[in-house]
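Take a look at the structure set out below.
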Amino acid sequence: MNSEYLLQRLQRFIERPNQIKQIHSLLITTALLFNTASKWNPTLLYNTLIRAYLNIIPHCSLTLFTFMLHHQAPPNGHTFTSLFKAASTSQSLASLSCSPLHAQALKRGILTDSFVQTSLLGLCAKLGSLSNVRKVFEEILNPCIVACNVMLDAFGRNGDMGSALFFFDRLSEKDVVSWTSVINGFVRSKQFAKAIWKSKGGFTKGGRYMGIFSETRAFMTVFMGTALIDFYGKRGHLEFAFRVFNQMLDREVCTWNAMISSFACNGREKEALDLFEKMKVDGMYPNEVTFVAVLTACACTKRVQLGSQFFQSMRCQYGIVPIMEHYGCMVDLLGRAGLLTQATEFVNTMPFQPDASVLGALIGACKIHGAIELGNEMGRRLLELQPRHCGLYVALSTINADKERWDRAADLRKAMVEAGIRKVPAYSFIDSV
DNA sequence: TTAGGGTTAG
């Protein structure tokens, strides 16, 4: 196999993400990477590799950029579009700031390129500072529809739907992404009636929207299909969700995640885990969202050994650094199975401070297994983080009451009243499609 | 007809 062919495979669509690593390894081991002639100059080589890793291990794209600088291969606009995209994934956002990349692009005079501007705008939108997004947008001379759509999405992500609508109404050109960005903004801020109202005014025919797309797969893009699986999954209509999933001609990692999560969150853990195996057989590369769903499924079925193996494999096999959600899942996994000592040890040896979700998972396990002392200890830690969390007072009070520690239970209820915290009444909700 | 940007999953 010659290097020209391998590089072209990398540059074009690759059917299976795990082929990227194989091709990269082959290029290195056969010492072909820097011996290619013709158009494959070092910049193009690096850009191709950076782009190839973008959707599977985004932080590898960023690492490759440091190698690129080390090898004095001058980055261009193509490099920075990929880098800004890589930096905007949640894994990278947790540990990186965009300013060094921004400075590099500025220094090299690349920020005038519209693709670079849009990808930088997208990164700022995901970082969450609307004022920064506005600043970057204002520097674009003639913003195209893609840049405008990022701006719309940024308003929606920040819950500023007033500005989103104002902006949207003044757009000279709108496409399906403009509409879905506004609709998603309403959904994110839980304004469902407005989301449906906007759907009716836009590119669909009201309530038939979901039916149309589920029945005519030719219309269904990966985005639509994935949103539809999520829609059905969240309402517990798993058969509809799975039908859409099976009908889809193209699936991305988001699509698999939506289906696996739907199974995992509706008591169909075995199917979630089976689908995870099928995903890997299909050559799809799991990401951090996949593992949240898979670990959740393991926790619900108390499959401690399997869950622990998956957690280990994240870093070793897939290059994914576990984040807070994964630690929360693991504590839930160990805690539900009654392994409270291991769960506590796990919390105490985490590489960063546990947040309320992790401590809450441990307290939940204490409640199930009647571990009063540990529950109170973790409760004290959690109250420091969330002093006004009504559910926590109730949970701690219940743990103590179950063990007939009426004094402690009453103290907690009293503290809750004195702090002016009211218990939110429980409610049931029935929904239909 | 292709080295690059926007909407989907937790």
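Just so it is clear: chains get the letters A, B, ... in the order the sequence lines come, proteins before strands, and each one is counted from 1.
- If you check every strand for non-hydrogen atoms under 4.0 Å, A:Cys148 touches nothing.
- Using a 4.0 Å heavy-atom distance criterion, A:Ser261 is classed as a sugar-phosphate-only contact.
- As rounded to whole Å, 13 Å separates atom P of B:dT7 from atom CD1 of A:Ile145.
- Residue contacts for A:Arg251: at a heavy-atom cut-off of 4.0 Å it reaches no nucleic acid atom on any strand shown.
- Residue A:Asp250 contributes atom CG, which lies 14 Å from atom C1' of B:dT8 at whole-angstrom precision.
- Note: NZ (A:Lys234) to P (B:dT8) measures 11 Å, nearest angstrom.
- Among A:Thr118, A:Leu121, A:Leu123, the one residue that satisfies the side-chain contact (heavy atoms from CB on, under 4.5 Å) test with A:Phe84 is A:Leu123.
- Crowding of A:Gln309 atom CD: a count of heavy atoms from other residues, nucleotides or ligands under 6.0 Å exceeding 12.
- In terms of polar N and O atoms assigned as donor or acceptor, the side chain of A:Thr226 comes within less than 3.5 Å of the base of B:dT8 in a complementary pairing.
- Here A:Arg157 reaches the OP1 or OP2 of B:dT8: one of its side-chain N or O atoms lies under 4.0 Å away.
- Annotation: A:Lys174, atom NZ; neighbour count of heavy atoms from other residues, nucleotides and ligands within 6.0 Å is above 12.
- Here A:Val292 lies in heavy-atom contact (under 4.0 Å) with sugar-phosphate atoms only.
- Between the base of B:dG5 and the side chain of A:Thr118 there is a donor-acceptor pair shorter than 3.5 Å.
- Among B:dA9, B:dA3, B:dG4, the nucleotide with an atom closest to any side-chain atom of A:Thr81 is B:dG4.
- Judged by atom type and distance alone, A:Asn76 does not reach the base of B:dG4 through any side-chain donor-acceptor pair under 3.5 Å.
- Between A:Phe291 and A:Phe276, the gap from one ring centroid to the other is short of 6.0 Å.
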Run the numbers on A:Glu138 and A:Lys135 for salt bridge (Lys or Arg N to Asp or Glu O under 4.0 Å), then give the verdict.
CA-CA 5 Å; A:Glu138 279 162 12; A:Lys135 269 187 220 158; over 6 Å; no

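- The side chain of A:Ser119 sits closest to B:dG5 out of B:dT7, B:dG5, B:dG10.
- A:Asp230 comes within 4.0 angstrom of the backbone, heavy atoms only, and of no base.
- Note: CZ (A:Arg51) to P (B:dT2) measures 16 Å, nearest angstrom.
- Taking atom CG of residue A:Leu228 and atom C1' of nucleotide B:dT8, one finds them 11 Å apart after rounding to whole Å.
- Here the side chain of A:Glu252 is nearest to one of B:dG4, B:dT8, B:dG10, namely B:dT8.
- In this structure, A:Phe231 atom CZ and B:dT7 atom P are separated by 21 Å, rounded to whole Å.
- Residue A:Asn47 places its side chain closer to B:dA3 than to any other of B:dG4, B:dA3, B:dG10.
- A:Tyr232 and A:Phe240 have tilted rings, their planes meeting at an angle from 30° to 60° on a 0 to 90° scale.
- Closest contact between the side chain of A:His78 and the listed nucleotides B:dT7, B:dG10, B:dA3 involves B:dA3.
- Per the geometry, CG belonging to A:Asn55 stands 11 Å off P belonging to B:dG4, to the nearest Å.
- Contact annotation for A:Ser262: no contact, since no heavy-atom pair falls under 4.0 Å across all strands.
- A sub-4.0 Å separation between OP1 or OP2 of B:dA3 and a side-chain N or O of A:Lys85 is absent.
- Between the CG atom of A:Asn287 and the P atom of B:dG10 there is a distance of 11 Å, rounded to whole Å.
- At B:dG5, none of the side-chain N or O atoms of A:Lys126 fall inside 4.0 Å of OP1 or OP2 (strictly under the cut-off).
- No engagement by A:Gln117 is indicated, since no non-hydrogen atom pair under 4.0 Å with the nucleic acid exists.
- Nucleic acid contact for A:Gly77: base, since at least one base atom lies under 4.0 Å from a heavy atom of the residue.
- Minimum heavy-atom separation, A:Arg303 to A:Leu333: O-CD1, 3.7 Å.
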